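Working notes for the structure below.
In this text, all values refer to a predicted model and were calculated from it rather than measured experimentally.
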Amino acid sequence: MDHHVQEHSRFYVGLAFAAGVLLTLGYKDLYPDLERRFRLAIKSSRFPLAGSEPSTHINLTDHTRDRRRSSVLPPATSNPSTSQNQQQQFKDFVPSTYEIREGIEGAIGNTPLIKIKSLSDATGCEILAKAEFLNGAGNSPKDRVALSMIKLAEEEGLLTPHSGDMVYEGTVGSTGISLAAICRAKGYLAHICMPNDQAREKSDLLLKLGAVVERVPPAPIVSPQQFVNLARQRALDHTSDPSRPGRGFFADQFENTANYLAHYEGTGPEIYAQTGGRMDAFVAGAGTGGTISGVSLFLKPRVPQLRVVLADPQGSGLYNKIRHGVMFSETEREGTRRRAQVDSIVEGIGVNRVTANFEAGRELVDDAVKVTDEQAMRMGRWLVENDGLFVGSSSCVNMVAAVKTALSLGKGSTVVTIICDSGIRHLSKFWKFAGEVGGDNEVTLESIVGDFDRA
């Protein structure tokens, strides 16, 4: 009998000891949370919110399990109507852009529209920029174009993945980079022909993406050795060579209308949704002309009062084509181009011919702004100094033209433009001449666009 009592006693003592340990551990984990909430409740009673009544009642609740939840999830509720409201709020809070995307192609499009604070504050207008450098393949608006051209070629049976088919293109850089990245993702190779006077980092990046790169001397458009004509011929040679696997496909970004359609179906609708249709002007440069045409074709019917303004670098003939109906620059006559390239250190925009993509929306362009290299370089430094934005040469041209357009429209106007790519691709050329940022080199907006009234 005594033996059984002793056994039971040992059992209960052990059980009590274990329970004590568990209770101590639980209290240890719970106590900091209880103490924090107790102090918070005391503080709230001493410093109540405006319009609230102080309360002496304190509720202490253990929410340690809730820490496992994502902070973005709304709390669960048993009230059906409240639950429905919270579910709708959650849908509003988590837009479709937060969904998991399929491959690198899924990271193209839906780029943010950002307010350029320094330019907006200085002009009294709202200067907004579509951040196309955040596209996820080649980090420029050419991602949209490259993907559109490849998809159309696949639909038409001109490209078959993993068949040895190769995409050929003549480009000054950005389209080639986008094509090289997307080709790798979709089972193709890229062969890029480009002028050898372009920033070296572009061709270096192309090589790292596994593209074949031909840097050729600048030549007039009438020459078979001009970089676009050479790419076309390389594609034909590939297709006609029985010893080579696959076919050659010439992307032809200047004349392939899949270019402007990419912006009509993507960039334009995104800008419209992001602004709610409230904007006074859209400003963009033109190389192939796809961006300004595609966006204008979408926006103009929906925002009839919208002014579309071409931003054109020095040496390009498009300014005079829009202003006077004649393709002409100070350095050459229409149809007789023999210069190596547009007489500017700006890359990516400015040409001396009308492409099929530019012609698609040319009638919708209301005006043009000429931007000098010096203005573009000063704008580049301004954006770094005041906004921390390090952008490429064509983006600087767009920004100068956007400011001039905003000032012409007057205070309170809203102007949308494009940030095309990062300045990282322009270190050895545009930024080599732009000068140091800050210090004694600090620029003023007046030095970029001339005197204007800030009042």
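- The closest donor-acceptor contact from the side chain of Asn320 to the backbone of Gly317 lies at 3.5 Å or more, if one exists at all.
- For Thr355, there are no side chain to side chain donor-acceptor pair (under 3.5 Å) partners, not counting sequence neighbours.
- Within the 4.5 Å cutoff, the side chain of Arg200 has no heavy atoms near those of the Lys429 side chain.
- The main-chain N or O of Phe358 is found under 3.5 Å from a side-chain atom of Ser293 such that the two form a donor-acceptor pair.
- Side chains of Gln253 and Thr175: a donor on one and an acceptor on the other come within 3.5 Å.
- A donor-acceptor pair is defined here as one N or O able to donate and one able to accept, closer than 3.5 Å; such a pair exists between the side chain of Asp143 and the backbone of Asn139.
- Thr417 places a side-chain N or O within donor-acceptor distance of the main-chain N or O of Val283, the cut-off being under 3.5 Å.
- Judged by distance alone, the side chain of Asn229 and the main-chain N or O of Ser223 form a donor-acceptor pair under 3.5 Å.
- Listed for the Ser316 side chain is a donor-acceptor partner under 3.5 Å among the backbone atoms of Val351.
- For residues 130-160, no residue pair satisfies the ring-ring contact (aromatic ring centres under 6.0 Å, His included) rule, not counting sequence neighbours.
- For the pair Leu310/Asp367, no side-chain contact is recorded, criterion being any heavy-atom separation below 4.5 Å from C-beta on.
- A salt bridge is defined here as a Lys NZ or Arg NE, NH1 or NH2 lying under 4.0 Å from an Asp or Glu carboxylate O, and Arg381 with Glu442 fails to meet this definition.
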- Task: Decide side chain to side chain donor-acceptor pair (under 3.5 Å) for Thr288 and Asn259; before the verdict, give the C-alpha distance in whole Å, the side-chain angles of both, and the deciding distance to 0.1 Å.
- Result: CA-CA 8 Å; Thr288 64; Asn259 182 339; 2.9 Å; yes
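- One N or O on the side chain of Glu201 and one on the backbone of Ser428 form a donor-acceptor pair closer than 3.5 Å.
- A donor-acceptor pair shorter than 3.5 Å cannot be found between the side chains of Thr414 and Arg278.
- Sorted by first and then second residue, the ring-ring contact (aromatic ring centres under 6.0 Å, His included) pairs involving residues 147-179 (not counting sequence neighbours) are Tyr168-His191, Tyr168-His238.
- Ser395 places a side-chain N or O within donor-acceptor distance of the main-chain N or O of Cys420, the cut-off being under 3.5 Å.
- Between Glu255 and Arg353 there is a salt bridge, with a side-chain nitrogen of the basic residue lying less than 4.0 Å from a carboxylate oxygen of the acidic one.
- In this structure Ser394 satisfies the side chain to side chain donor-acceptor pair (under 3.5 Å) test with no other residue, sequence neighbours excluded.
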- Message: The test is side chain to side chain donor-acceptor pair (under 3.5 Å); show your working for Lys130 and Thr111 and say whether it passes.
- Response: CA-CA 7 Å; Lys130 188 79 164 133; Thr111 55; 3.1 Å; yes
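- The number of heavy-atom neighbours closer than 6.0 Å to CD of Glu436, taken from other residues, nucleotides and ligands shown, is 12 or below.
- Taking the charged nitrogens against the carboxylate oxygens, Lys300 and Asp366 do have a contact shorter than 4.0 Å, which makes a salt bridge.
- Looking at heavy atoms from C-beta onward, Glu132 lies out of side-chain contact with Asp421 at the 4.5 angstrom threshold.
- The list of ring-ring contact (aromatic ring centres under 6.0 Å, His included) pairs with a residue in residues 393-448, not counting sequence neighbours, reads Phe390-Trp431.
- Under the 3.5 Å distance criterion, with hydrogens and angles disregarded, a donor-acceptor pair is assigned to the side chains of Thr160 and Arg247.
- Remark: Phe254 pairs with no residue by the ring-ring contact (aromatic ring centres under 6.0 Å, His included) rule, at least two apart or across chains.
- Using a 4.5 Å heavy-atom threshold, the side chains of Leu409 and Val415 count as touching.
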